[in-house]
A.B. asks: 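My structure is below; once you've seen it, I'll send some questions.
One-based numbering, in listed order, for ligands and for the atoms of each. The structure displayed is predicted, hence computed values, not measured ones.
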Amino acid sequence: MTSILAVDVGGTTTAAGIVTSSGEVLRERQVPTHGGGPGTTLATIERLIETLRAEAGDVPLAAIGVGVPAIVHAAAGVVGEEAHNVPELAGFPLARSLSERFGLPAFVDNDVNALALAEWRFDAGRGARSLVVLAPGTGFGAGVILDGRLLRGVAGFAGEFGHTPVKFDGPPCWCGGRGCLAVYASGRGIAEAAQARVAGHAESPLLAAAGGAAQRITAELVFRAAADGEPVATAVVDEACRALGAMLATIVNGLNPDVVVVTGGVAASLAALEKRILAAAAEHAFARALAATRITIVPGDKRVTMRGAAALVLYERERRAG
Ligand SMILES: [Zn+2]
């Protein structure tokens, strides 16, 4: 069995491992992405690969796969200009650089595309023909597999459901749009919505729970406070559920995939709200379409994206072999 050097580059942490073609992780390491200071992402990736290659011993390594938190021109293996978490990689031919340095074929794609490939090949989406992965974390990523093909789009933007509007006159989003799903249902969006609502309300229990400092309100705290019935947190979480429901309905009505997997860092908090989210989806979706699409909420795990980088290699090799 051949194995793959798989790397998940995150804005904060980069994970790399040796992953078999069945998705088993033989070895793994995690380090801070910018441990060497700003601009050191490439050095971090190279050092991780070097270390793992040395540790691999006799295990034959077939290729390198990398997921990057950015738009990626996957066919060329070049990171796009939209690389806000790893700006030093913008425009960089990462696949060619790694391939030349390590003498192995290298494949690069957006991290949530890699995550979608992992869910499809190894996990909750196994056997599906069509699969959509929604990954609310700090931001809001998504990936689409339609009739057995990963959708990348003409410029690499396919699947950016986090930045499609669920409310066209909603508040501005950090992407430059407004009313985006990410404003309502990403970790950053939930935290910022709660922070804005408690501003000037010194008596707010949510503010008290954050030690009186609005900027310390996190999405996790908002979900916990909502579970206790705190009114501001309840309103914010209610909007998150409705926004996600609207997006699920958009996906179900627009693509009607076999499976939608909701995962990512916020999914652990969303799992308890599944009934409300599905009820919100039902307000907008065709009933028979919604009934036919299986929707599952799976707590996020950084290892899945790393395994996705391996799934990316397997996918590309199969696709290019025709
Ligand atoms: Zn946006």
Side-chain angles (χ1 to χ4, degrees), residues 9-12 67-74 79-87 89-91 109-116 132-144 150-197 199 214-215 217-220 222-223 235-255 260-267 269-270 277 280-281 284 297 300 305:
V9 182
T12 307
V68 182
I71 298 294
V72 175
H73 305 288
V79 179
E81 295 303 319
E82 293 75 13
H84 306 299
N85 291 311
V86 284
L89 292 182
D109 206 331
N110 169 264
D111 55 352
V112 186
N113 282 355
L115 172 61
V132 174
V133 169
L134 297 178
T138 306
F140 201 119
V144 180
L150 177 68
L151 285 196
R152 285 170 166 140
V154 68
F157 286 82
E160 286 296 326
F161 286 121
H163 296 285
T164 55
V166 291
K167 190 170 180 183
F168 65 77
D169 55 357
C173 177
W174 54 89
C175 74
R178 63 169 51 243
C180 294
L181 175 62
V183 169
Y184 298 100
S186 70
R188 176 178 171 177
I190 289 165
E192 287 183 357
Q195 288 163 8
R197 284 181 193 226
Q215 72 274 16
I217 295 175
T218 61
E220 214 180 321
V222 175
F223 280 108
V236 171
V237 167
D238 184 52
E239 272 200 341
C241 291
R242 292 176 62 200
L244 259 178
M247 181 50 61
L248 287 169
T250 303
I251 290 166
V252 163
N253 286 0
L255 300 173
V260 179
V261 181
V262 181
T263 183
V266 176
S269 302
L270 294 173
I277 295 165
H284 307 284
I297 301 178
T305 309

A.B. asks: Between V261 and L134, is there a side-chain heavy-atom distance shorter than 4.5 Å?
C.D. replies: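 Not touching, per the 4.5 Å side-chain cut-off.
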A.B. asks: For residues V183 and C173, report the shortest heavy-atom separation together with the two atoms involved.
C.D. replies: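 Here V183 and C173 meet closest at CG2-CB, 3.4 Å.
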A.B. asks: Show all protein N/O/S atoms under 2.8 Å from the Zn ion (ligand 1), or state that there are none.
C.D. replies: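 Protein N/O/S atoms under 2.8 Å of the Zn ion (ligand 1): H163 ND1, C173 SG, C175 SG, C180 SG.
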A.B. asks: Considering residues at least two apart in sequence or located in another chain, which fulfil the salt bridge (charged side-chain N to carboxylate O under 4.0 Å, His left out) criterion with R152?
C.D. replies: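 R152: salt bridge (charged side-chain N to carboxylate O under 4.0 Å, His left out) contacts with D109, E316.
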A.B. asks: Does atom CD (E82) have a neighbourhood of more than 12 heavy atoms from anything else shown, all under 6.0 Å?
C.D. replies: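 Enclosed.
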A.B. asks: Is it true that R197 and E192 have a side-chain N and a carboxylate O under 4.0 angstrom from each other?
C.D. replies: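 No salt bridge links R197 with E192.
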A.B. asks: Can you tell me how far apart CG (L270) and CG (L244) are? Round to the nearest 0.5 Å.
C.D. replies: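 Rounded to the nearest 0.5 Å, the CG-CG separation comes out at 6.0 Å.
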